[in-house]
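Right, one structure below, let's go through it.
Throughout, protein chains are lettered first and strands after them, A, B, ... in sequence-line order, and every chain is numbered starting at 1. In this text the structure is predicted, and so the values were computed from the model without any measurement.
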Amino acid sequence: MYSLTEGALDKIMNGIEVDKPILQILGHKKLSNSNSGDRYRLLVSDGKRVNSFTMLATQLNSMITDNVLTEFCICQINKYAISIVNNGDKKKRVMVILNIDMKVPGEQVGQKIGNPTNAEADGDSKSTTQPGQSAQTVPQQQSTLIPKHNVQQASISDIITTPIVALSPYHNRWVIKARVVSKSSIRTWSNSRGEGKLFSMDLIDESGEIRCTAFRDQCDKFYDMLEVDKVYYISKAILKSANKQFNNLKNDYEMTLTGDSEIIPCHDAGNDIPSLQFDFIPISDIEQKQANDIIDVLAIVKSCGDLQMLVSRNTGRDMKKRNVILVDESNITVSLSLWGTQAEEFNRSDNPVLAIKGARIGEFNGGKNLSTLSSTVMQIDPDIPAAHKIRGWFNTLGHNEETKSLSRTFENMTDSTGSLITFAEAKANNLGEKGVDVYTVKAVINFLRSENSLYKSCPSENCKKKVIDQANGMFRCEKCNKEYPNFMYRLLGNISLADWTDNLWVTTFNDEAEKILDATAAELGELKDNDNDVFLEKFNNATFKSFIFKIRAKMETFNENRLRTTCIGIIPIDYRAYNKHLIAKIKDLAGIDNV
DNA sequence: CCCCCCCC
């Protein structure tokens, strides 16, 4: 027979401390239906009472998803906090489980223990506060806001803290005690609604996590004082619904600092506020994940690329990027893109260990890659056991192991594995006919059609569709199904490329079109299709016109099944600062000696 | 009040 701590729930719900009660889980319910922001409400029993006002700290969500806390299992609650929430017009105590051990699996227990009854009636009447009084102003309830076990002495003794998981827009009198686990850089914005600057940080305590953003004045006021990894008391900030599109923390809300907000450093946080928790997955698992998934990895920097300067195709903004190749004990490598200052500063050939929290999975050319976001935490050579383990592995074995890459990068597209192909091979393999294919060829510019090289395009971001002049002076975009008062000129060049096997018309847009218009004209003259002998001779004598072209081919079903081939890159490139060693490698591979 | 997170 399994014994539960009978009577524990009545005591807990009435503010009486119970040390490590043994309870049975009778069920759970997901409170949020978003993928990232799940919170779980549990139905628990002490054998005498059942209670559904029980929440699991979000850090413990995996105990639900990994089927540890299954129906009928028996658990020991090592640590909990009581939070007071509004339930209709009543105040209701909620037990937030902060630390729990599963003692007997549900399948072994197999049934509900005892005949517990619903404790609602009791709990409600006793825990309802007098109207108009918030929980924090009632002395006997203040103590219930403090976690019940392992309470640390606060440096400011009268600060009563609320667990992050209990925050909501419906309360404003709270103080949280939380650790800053990440802090973005200060960013400025400017749009039709105004301009300003901001930064955001991610906060955790033992109950959960939340994003906090500071705008304008608050940005200046708080940026320098807040340090990653330190603990602060934060109060008088505003809660609002989290926008899940941009915030993947496990919380339905996010926090905004205001002029009234108070942030006080906590110098003696002890161990009651956890540090950043990683949930590492092996690099080999990334292959099965979806693009845009957010993951944690622990890996060795196998190699570190040069800093690249590029211009965003969408925004026209200058960008700094650095790709590093990560490897772990799965002997699989993945490319990680770093951006901005981090890209600039991360120039390491000494194979450091990286512990990365919250990198985003990207997909390119059929491969997977990783990219950092502003919320990504990157620890270099962290002093954690797993880091020492992977360091040992790399130093002894890993550095010599053969690896396989999940990423198809620009760099490894032109490596010695032979991905440089001929037009004949592209056509023989029907590239582009079943989905998108990207391939590289060494070719010459055979002919350039410069007529109509400027067109009026849709002014909306990311849409390059040609607009139709309307009689009313508006411009219609068929793709957006919308009329605009304006348009954007875009460059479009149709060029005929040829190698010694075949030729191909490709379309070029903006950057590439510009390069081509600048770089070369049709000095070789137009050749007839398949005039290979004549062409081969000219090709051989005209190395100054040969380039590596990156072609994107795709069958466009809406356009009478025409294979659309677009030039999306030209190497060697005078215009973009690709790695010197990469250019050297391409020169070597392609036999180009005068780029 | 941001909401960009990029590139091939």
Side-chain angles (χ1 to χ4, degrees), chain A residues 182 184-201 211-219 237-238 240-249 254-259 261 291-292 294 305-323 335-343 358-378 407-415 419 436-440 461-462 509-512 515 548-552 566-571 573 575-579 582 586:
Chain A
S182 73
S184 75
S185 49
I186 293 176
R187 187 167 62 84
T188 58
W189 85 87
S190 173
N191 60 29
S192 58
R193 292 178 295 279
E195 56 182 62
K197 55 182 170 177
L198 74 141
F199 77 92
S200 61
M201 58 182 171
R211 178 155 302 163
C212 176
T213 305
F215 292 95
R216 300 198 174 100
D217 291 353
Q218 282 67 253
C219 187
I238 287 176
K240 59 173 193 174
S241 286
N243 187 336
K244 293 296 179 187
Q245 199 184 338
F246 307 109
N247 178 347
N248 48 56
L249 298 189
E254 54 194 30
M255 187 181 285
T256 303
L257 298 179
T258 73
S261 296
N292 298 327
I294 307 286
D306 288 342
L307 184 66
Q308 297 174 22
M309 317 290 286
L310 28 95
V311 180
S312 166
R313 202 172 285 268
N314 291 328
T315 63
R317 249 192 304 210
D318 285 329
M319 294 185 295
K320 293 181 185 124
K321 178 194 142 181
R322 189 192 296 273
N323 277 350
S335 166
L336 168 74
S337 298
L338 308 175
W339 303 92
T341 326
Q342 196 168 47
R360 198 177 67 173
I361 296 180
E363 221 164 9
F364 174 63
N365 203 19
K368 292 274 186 1
N369 55 67
L370 296 177
S371 184
T372 56
L373 306 174
S374 62
S375 56
T376 303
V377 180
M378 199 171 91
S407 307
R408 298 286 296 152
T409 62
F410 205 79
E411 284 86 340
N412 70 20
M413 277 173 61
T414 49
D415 70 13
S419 51
V436 180
D437 281 306
V438 175
Y439 58 93
T440 47
E461 222 172 303
N462 295 328
F509 294 98
N510 277 349
D511 287 7
E512 273 68 35
K515 284 173 206 159
I548 301 280
F549 292 92
K550 220 170 118 180
I551 310 293
R552 180 183 188 275
T566 311
C567 173
I568 55 171
I570 305 172
I571 325 170
I573 300 160
Y575 306 84
R576 285 187 188 209
Y578 275 106
N579 308 340
L582 173 63
I586 291 160

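For Ser374(A) against dC4(B), a side-chain-to-base donor-acceptor contact under 3.5 Å is present. Judged by distance alone with a 3.5 Å cut-off, no donor-acceptor contact links the side chain of Arg193(A) to the base of dC1(B). Judged by distance alone with a 3.5 Å cut-off, no donor-acceptor contact links the side chain of Gln218(A) to the base of dC1(B).
At distances below 3.5 Å, not a single donor-acceptor pair connects side-chain atoms of Thr372(A) with backbone N or O atoms of Ala359(A). Arg552(A) places no side-chain N or O within 3.5 Å of a backbone atom of Val438(A) that could act as its donor or acceptor partner.
Residue side chain Trp339(A) fails the stacking definition with respect to dC5(B), as its ring centre and the base's six-membered ring centre are not both under 5.5 angstrom apart and under 30 degrees in plane angle.
Distance Ile186(A) CD1 to dC4(B) P: 20 Å, rounded to the nearest Å. Rounded to whole Å, the distance from NZ on Lys240(A) to P on dC2(B) is 8 Å. Distance CD1 (Ile551(A)) to C1' (dC8(B)): 14 Å, rounded to an integer number of Å. One can place CG of Leu338(A) at 13 Å from C1' of dC7(B), the figure rounded to the nearest angstrom. Straight-line distance from the CH2 atom of Trp189(A) to the C1' atom of dC4(B): 13 Å, rounded to whole Å. Regarding Gln245(A), its CD atom lies at a distance of 13 Å from the C1' atom of dC5(B), rounded to whole Å. Atoms CZ (Phe246(A)) and C1' (dC1(B)) sit 14 Å apart, rounded to a whole Å. Distance, Phe199(A) CZ to dC2(B) P: 16 Å, rounded to whole Å.
Closest of all the heavy-atom pairs between Ile294(A) and Gly358(A) is CG2-CA, 3.3 Å.
Distance from the side chain of Leu373(A) is smallest for dC5(B) among the nucleotides dC5(B), dC1(B), dC7(B). In the set dC3(B), dC1(B), dC5(B), dC3(B) carries the atom at the smallest distance from any side-chain atom of Asn191(A). In this structure, of dC2(B), dC7(B), dC5(B), it is dC2(B) that holds the atom nearest to the side chain of Leu198(A).
Among the heavy atoms of the strands lying under 4.0 Å from Glu254(A) is at least one base atom, whether or not backbone atoms are also near. Here Thr376(A) lies out of heavy-atom contact (under 4.0 Å) with every strand.
A close approach under 4.0 Å does not occur between any side-chain nitrogen or oxygen of Asn243(A) and OP1 or OP2 of dC2(B). The phosphate of dC3(B) (OP1 or OP2) has a side-chain N or O of Arg187(A) nearer than 4.0 angstrom.
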I'd like a table of donor-acceptor pairs (distance under 3.5 Å, sequence neighbours excluded) in which one partner is a side-chain atom from residues 191-201 of chain A, with atom names and distances.
{"residue": "Asn191(A)", "atom": "OD1", "partner": "Arg193(A)", "partner atom": "N", "Å": "2.8"}
{"residue": "Asn191(A)", "atom": "OD1", "partner": "Gly194(A)", "partner atom": "N", "Å": "3.2"}
{"residue": "Lys197(A)", "atom": "NZ", "partner": "Asp220(A)", "partner atom": "OD1", "Å": "2.7"}
{"residue": "Lys197(A)", "atom": "NZ", "partner": "Asp220(A)", "partner atom": "OD2", "Å": "3.3"}

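For Gln218(A), the side chain to side chain donor-acceptor pair (under 3.5 Å) test picks out no residue, with sequence neighbours left out.
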